[in-house]
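Just so you know, these numbers use all the heavy atoms, side chains as well, and skip hydrogens, waters and symmetry mates.
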Amino acid sequence: MEFITIDGAGKQISRLIKGTDYFVHDAYEKAAANMDAFLAIGGNTVDTAHIYCGGQSEEVLGRYMQERGNRDQVVILTKGAHHDMNGPRVNADAIRSDLLDSLERLQTDHVELYALHRDDPNIPVGVILEALNEHIESGKIGAIGASNWTWQRLEEANTYAADHGLKGFTFSSPNLSLAKANEPFWAGCVSADAETLAWHERTKLPLLSWSSQARGFFTGRFTPEVRDNADLVRVFYSDGNWERLHRAEQLAELKKTSPIQIALAYVLNQPFPTCALIGAQNQAELLSCDEGSRITLTRKELDWLDLGSDVKPAVV
């Protein structure tokens, strides 16, 4: 397993990050087995959130680490300040409340990575950063980041932090996948476009991608005629993405791998630090991700896969 460094985290971050948005008490043994298998292949970073499974995701992870006695082996990424039925909650009170809840559920006194789950452009970045820095100073948070923030807001926030002697965001977590989203998955979600990728390449800010494998779009289960998954149809069905799938299939054949592994490699071979959040729930899916994480793609292959060039790269 390869790792990246995120300023403030205090530990190396595995390139594959284990998703936990299915961890529930009634399926604890499955969650624990999945965690054991993930750690066994060298992974160490786990993604959760205050809202996942109504709080059960964090509770199950906390129970797992307590029973295994392995908190020091795990890097926790959790997220808070998600909107609720009343609207945006990106404010100091919500951040504090969600963070304290998360720490209690996780049975720990700190998390290495903490991200705001959504943005509220109506709130000045300074107010948000000052609130987050209080928790950095108290030792409850290592590194701060943002999930579903635009690169423009990230840049504004980090400029404010530099000008005011505060810790800024040292990672971002939007959606990045070979398949390009037609529209947001959910309200307030952000997918990395060409401008976002150029900004990350320029700044080298690490990107931790959710839905890194486009919710199974590259598994071979989907065609333009198969329309039983309404969300996938809405978000990913497009002529451009069918061509990306076709090219992933061609490259996979040449490299003797699978299209879904090519899609994962696309995320992990960007010219800046990246990690992929993965939803593997069994040994076969986990091993597929592990193998995909080891594939090297050239810049020419990346451009060709993403329709930036019509010249098919030669595979040596």
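Heavy-atom neighbours of Asp239 CG from other residues, nucleotides or ligands within 6.0 Å: at or below the threshold of 12. The 12-atom threshold is exceeded at CD of Glu243, counting heavy atoms of other residues, nucleotides or ligands nearer than 6.0 Å. Within a 6.0 Å radius of CD in Glu2, no more than 12 heavy atoms belonging to other residues, nucleotides or ligands are found.
Looking at Asp306 and Lys180, a side-chain N of the basic residue comes within less than 4.0 Å of a carboxylate O on the acidic one, giving a salt bridge.
Residues Trp242 and Phe236 place their aromatic rings such that the two centres sit no closer than 6.0 Å. Aromatic ring centres of Tyr114 and Phe171: separated by at least 6.0 Å.
Between the side chains of Ser57 and Thr48, at least one donor-acceptor pair of N or O atoms lies under 3.5 Å. Checked by atom type, the side-chain pair Gln261/Thr257 shows a donor-acceptor distance below 3.5 Å. Between the side chains of Glu58 and Ser102, at least one donor-acceptor pair of N or O atoms lies under 3.5 Å. Side-chain atoms of Arg71 and Thr108 include a donor-acceptor pair closer than 3.5 Å.
A distance-only check finds no donor-acceptor pair linking the side chain of Asp120 to the backbone of Val90 [under 3.5 Å].
Residues that satisfy the ring pair (Phe, Tyr, Trp, His ring centres under 6.0 Å) test with His200, not counting sequence neighbours, are Phe272.
Listed by first then second residue, pairs satisfying ring pair (Phe, Tyr, Trp, His ring centres under 6.0 Å) with a partner in residues 35-80 read Tyr52-His117, not counting sequence neighbours.
Classified by interplanar angle (parallel below 30°, tilted 30° to 60°, perpendicular above 60°), the ring pair Phe217/Tyr237 is perpendicular.
Hydrophobic clustering of Ile, Leu, Val, Met, Phe, Trp and Tyr side chains at less than 4.5 Å, counting indirect connections, unites Trp186 with Leu208.
Summarising the geometry of Ser209 relative to Asn175, their closest heavy-atom pair is OG-C, 4.0 Å, with the distance given to 0.1 Å.
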